[in-house]
Peer 1: 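Please read through the structure below; I'll follow up with questions.
Order of the sequence lines fixes the chain letters, A, B, ..., with proteins taken first and strands second; residue numbering starts at 1 for each chain.
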4 protein chains.
Amino acid sequence: MRYKVAILGATGMVGQKFIQLLDNHPWFDVSAVIASERRVGKIYGEEVDWIVSRDVPKSVRDLEMLPMDPKKVDADIVFSALPSDVAREVEAKFAAEGFVVASNASAFRMEPDVPLVIPEVNPDHLGLIEVQKRNRGWDGFIVTNPNCTTIVLVITLKPLMELGLKEVNVATMQALSGAGYPGVPSLAITDNILPFIKGEEDKVESEPLKLLGRFEGSEIRFASLRVSASCHRVPVIDGHTEAVFARFDRDVSVDDVIEAFKSLKPIEGLPTSPEEVIVVREEQDRPQPRLDRDAGNGMSVVVGRVRKDGENGVKYIAMGHNTVRGAAGASILNAELMAKEKLI
Amino acid sequence: MRYKVAILGATGMVGQKFIQLLDNHPWFDVSAVIASERRVGKIYGEEVDWIVSRDVPKSVRDLEMLPMDPKKVDADIVFSALPSDVAREVEAKFAAEGFVVASNASAFRMEPDVPLVIPEVNPDHLGLIEVQKRNRGWDGFIVTNPNCTTIVLVITLKPLMELGLKEVNVATMQALSGAGYPGVPSLAITDNILPFIKGEEDKVESEPLKLLGRFEGSEIRFASLRVSASCHRVPVIDGHTEAVFARFDRDVSVDDVIEAFKSLKPIEGLPTSPEEVIVVREEQDRPQPRLDRDAGNGMSVVVGRVRKDGENGVKYIAMGHNTVRGAAGASILNAELMAKEKLI
Amino acid sequence: MRYKVAILGATGMVGQKFIQLLDNHPWFDVSAVIASERRVGKIYGEEVDWIVSRDVPKSVRDLEMLPMDPKKVDADIVFSALPSDVAREVEAKFAAEGFVVASNASAFRMEPDVPLVIPEVNPDHLGLIEVQKRNRGWDGFIVTNPNCTTIVLVITLKPLMELGLKEVNVATMQALSGAGYPGVPSLAITDNILPFIKGEEDKVESEPLKLLGRFEGSEIRFASLRVSASCHRVPVIDGHTEAVFARFDRDVSVDDVIEAFKSLKPIEGLPTSPEEVIVVREEQDRPQPRLDRDAGNGMSVVVGRVRKDGENGVKYIAMGHNTVRGAAGASILNAELMAKEKLI
Amino acid sequence: MRYKVAILGATGMVGQKFIQLLDNHPWFDVSAVIASERRVGKIYGEEVDWIVSRDVPKSVRDLEMLPMDPKKVDADIVFSALPSDVAREVEAKFAAEGFVVASNASAFRMEPDVPLVIPEVNPDHLGLIEVQKRNRGWDGFIVTNPNCTTIVLVITLKPLMELGLKEVNVATMQALSGAGYPGVPSLAITDNILPFIKGEEDKVESEPLKLLGRFEGSEIRFASLRVSASCHRVPVIDGHTEAVFARFDRDVSVDDVIEAFKSLKPIEGLPTSPEEVIVVREEQDRPQPRLDRDAGNGMSVVVGRVRKDGENGVKYIAMGHNTVRGAAGASILNAELMAKEKLI
């Protein structure tokens, strides 16, 4: 069981992360790197401003970059790290031509017939694939994963839903890599933080309602939950930290919440799946992005400081690797789930 | 009108900030620097590990450090930058001996007969001075200012009280200088944030209730308000940033809130008072600590991103200089107010 | 004695610094801000991504940006913060039309008939102005200041020439602001340094020979000195630090060198001139960029750790503010000198 | 072939690094962790302020800390991460009692009868062991590795000796971890560099002469070489970067130098030995500490920017992981060499 995969937007920060994570992947082989017009025909290893590790993986270094044209690409799965505006057109084109598109872009996330999926949270939403293909008359389809901040948050909210979660305020401290490369100028963030990330709060407030919603055969009924976000950039390379204030419709104890976190199980048999979906740290000063972002090879969400917050409330800190669990790893895990479920 | 002032705990981060801010002060002259036993008799400029500016001010450089003994100190006002455990004993000793103690320490803040004051917020709480002197039989007295995070928050909450403020969630991104010197190790905070600050959340949740409470002749009736805090350290030198989620008992508009912020007036005639107590920035990415912490010479609180947050809610970002408005400057402003009111 | 001045390249990092330093300048009034084509006609305060301080100075905020066309500009002096490739054409055009161009760009620095000047080092090189005007048939002329790293170095080398300086190795740790804005991506420099700065070593090795050379009526005879540089970028906002290894043709003592440093005198009567050209720090761990870059309002070079280095050798650390003494302040000081000498 | 090893000074930065690197080591098992008096009897995993990775390795977590008393320790090899003043007494005590002490401390490095060894540079210096045992009447012995900055430098100097190397100026940009934990305060190094590291320059100037010297049966004849160092601290977590100016007694080409670097071979059969001792990067902006410090699992030295520097000169950048190749890894490699050579 091996699949050929192509990367859309292969030279950017998330594109690089796809390539790094797919190096020596047991199921997927990168067969094509696809870039914007000006880079087509150039050699990946010579063109890319590689920033995510010491060296470009050998398997990809000598690939010639291809255009965003489905006819020119031979692959079973297309991973998309495109910016949203480009994604809207290009992903549709690939899906129409029969490709399975696993996308990290925001373009299609909130479309009613496009699955927005975290395998451990709402795998059944993949049922929308059939709806999508029927609606759009496409041979292939698009499956999306959430925004990097959303995914860390929602993985922790999922097990709280059964405890009667009603309302969430979340303040984030987001890593530099979330802004891509070159992204945030060093002069803007040295001895500083930035209290604004364009478009982020909207995503964090809307995507959870779909993710935590119920698939009802042909559509998702959104969860009844209120999420309010305040998003900030901090001088950290990787790892989004989130301070969560959660309110429930009943009294909950710290132990209930910790137990719920630990009850969220990984999907078995997926190579990228972490052993623990949520790692609960007991120390009073964890999670910390530099120390904890690589938990579960970057696929675990690490939680700490769970504490009571008035009646019916709890607060805690959640942290996850924004370009692994929050981007490239999320798409890969979705593709693995689809492969396992014979959807590819 | 000139007063001799002494600094308790003169070599630490806040002690240094007192000395920096008092250099060339129009009313106050530093006449004594007081330090722990091992430093007594040494010359301030030779002993201090000066970190807050290029050079130790000339007026203080050659002072010999004195012990924490009221008999050895000649001053009208004693500013205290002591750690809380030391403050409890030493400040009481100085107050008993007739000194006016303007303290930044937390030791006495929540004592029922000790004023916890922000001049623009609750100047009338100074009425507790008489109660305190009577209760304790002291010739002098202690007046305190709040924790650095509390003060930034409460200055913005004060004008919201009339709009029906009921509940506040606040997530903070606090500067390194708040932990003193040497404080946070560089290895702990480089490419990292710390999601915990010892004792901080308790202070931020309790002090506002006293500050926003009503002085009723002999005691403070605490405000009816719920504050929940999540406090975090970020790699910023100075300037605490706070993401505030505020809920009211009625609908409020963004314009109401901005207008309320702008309505908070400085106390006239105090040298350290800023022109604007709250500066409201219109840009979508302000306040930022590096750019805004020196607004009003560090005495203004800078607010931005005021936005609607569901029914009856508003969220915004507040930022203030934690060692100026949040510590040394706060004590000095309190002393100026007392001088103006002939309490010294 | 007031002059109207225009800023070429007003929106960049150095352009902003010109505007900041010229705010309330006693001789110079900013009358025009000149920018690239796409910004012409727009309002400076609305267009600029202001990064050097809290707010755009009021005097400039509402100016409409002008094109790089001498006919459209009314000014006595034009300060240039242009990139070198643009500077070559544009500065010549302004000089030809009769403007005095005080340029921070590298384009003309090494031209034989263009003065490359540091007032305290080689003011007599302004004698080249006449040669230049004659050679080129221009009504105006161009005067340049050195590269930011060169100027800090050469100010310390000048007084050492009389001690028999023959060879210099210098390793630099340069600030982020030297790369302009947006400049260095935060992801490239967090928890990192960059051991390369494009074009920098060439400039640091060649410019000193001209600066320390002798004006011989119609040309500069270059100094006989060998300079070798290794240039590196570090995560510091402002302030270039330089580790200098100096070799002489004779034995020199540390005291000789310190005395020489202190002997370099400021030019009297120039508003931007610092009280001390070179500040010598005695502490073993100074100069430090954050603590010392504002010495002399950023116009002093701060030196420390002068120590013997084998026979005939000395090593020391030099540090200066790269966008003040090293860029905008350098051009302004040159213009002040020219004004004083009635060359404008 | 398995050996029991003990760690002296197990809770500090280098002690932690020993434990991290020895986890799952094929030859060495950590059997004892030795700490200062106040920690004796406590459990390692509960006491240590672990900073070098996510979690304390399981194999060591539950060890009880032992005192610095050879009688209480059961081990074949003692790795020492002690501060120099403590090391002088304690290491001697362990060596006298028959232990093999592989020390990272500076206390004994320059003693005439103590080997100061880098396996790839001067393995024959282990011949001093016999001299040492004879001289001192010890049952065991001490073998040392150099200072972290020295080792990175000397690995690159070794292959240049045959090209006629005579003189080296080196300016360093050293990582925070070199100062231990808590070490450098964040307030001291944020937006800053420190141009001084206590004792460092002396070590970098003296140790290479011994390391590159010749073992002549009973003593080391020091190399004829002049090294001058200027040492600086930068805000980088791990990885010392060094700008090297090298002068030779003859003309050398860049190719000669690169070829020499590549010719330095690893010692075969040692588990910690890297595949390449010196990695030569061709890019103009490498090595960089964050990208390159883990080359060869932190045991390679990475070199770049080799360029001609006048007649008979070359300059280049060298970078190595200061707590791996520069400390714990160096001691471990020495112990591996001794094990291979049957000296243990």
Peer 1: Is chain B contacted by the side chain of D:Ala188, its backbone, both, or neither, given a heavy-atom distance below 4.5 Å?
Peer 2: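 Both parts, heavy atoms under 4.5 Å.
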Peer 1: Check whether B:Leu176 gets within reach of chain D through its side chain, its backbone, both or neither, counting any heavy atom under 4.5 Å.
Peer 2: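 Both parts, backbone and side chain.
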Peer 1: I need the D:Asp191 CG to B:Arg290 CZ distance, nearest 0.5 Å.
Peer 2: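 One gets 7.5 Å once the value is rounded to the nearest 0.5 Å.
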Peer 1: For the side chain of D:Ser186 and the backbone of B:Pro185, is there at least one donor-acceptor N/O pair under 3.5 Å apart?
Peer 2: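 Side chain of D:Ser186 to backbone of B:Pro185, a donor-acceptor pair under 3.5 Å: no, none is there.
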Peer 1: Assess whether atom CD of B:Glu283 is packed by more than 12 heavy atoms of other residues, nucleotides or ligands within 6.0 Å.
Peer 2: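 Yes, the 6.0 Å shell around CD holds more than 12 heavy atoms from other groups.
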Peer 1: Where does B:Ile237 contact chain D at under 4.5 Å (heavy atoms): side chain, backbone, both or neither?
Peer 2: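 The answer is both parts of B:Ile237.
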Peer 1: Please determine, among D:Val184, D:Leu187, D:Asp238, the option with the most heavy-atom pairs under 4.5 Å with chain B.
Peer 2: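 Max contact count across the listed options: D:Leu187.
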Peer 1: Taking atom CG of D:Asn297 as the centre, does the number of heavy atoms from other residues, nucleotides or ligands within less than 6.0 Å exceed 12?
Peer 2: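 Counting other residues, nucleotides and ligands, CG of D:Asn297 stays at 12 neighbours or fewer.
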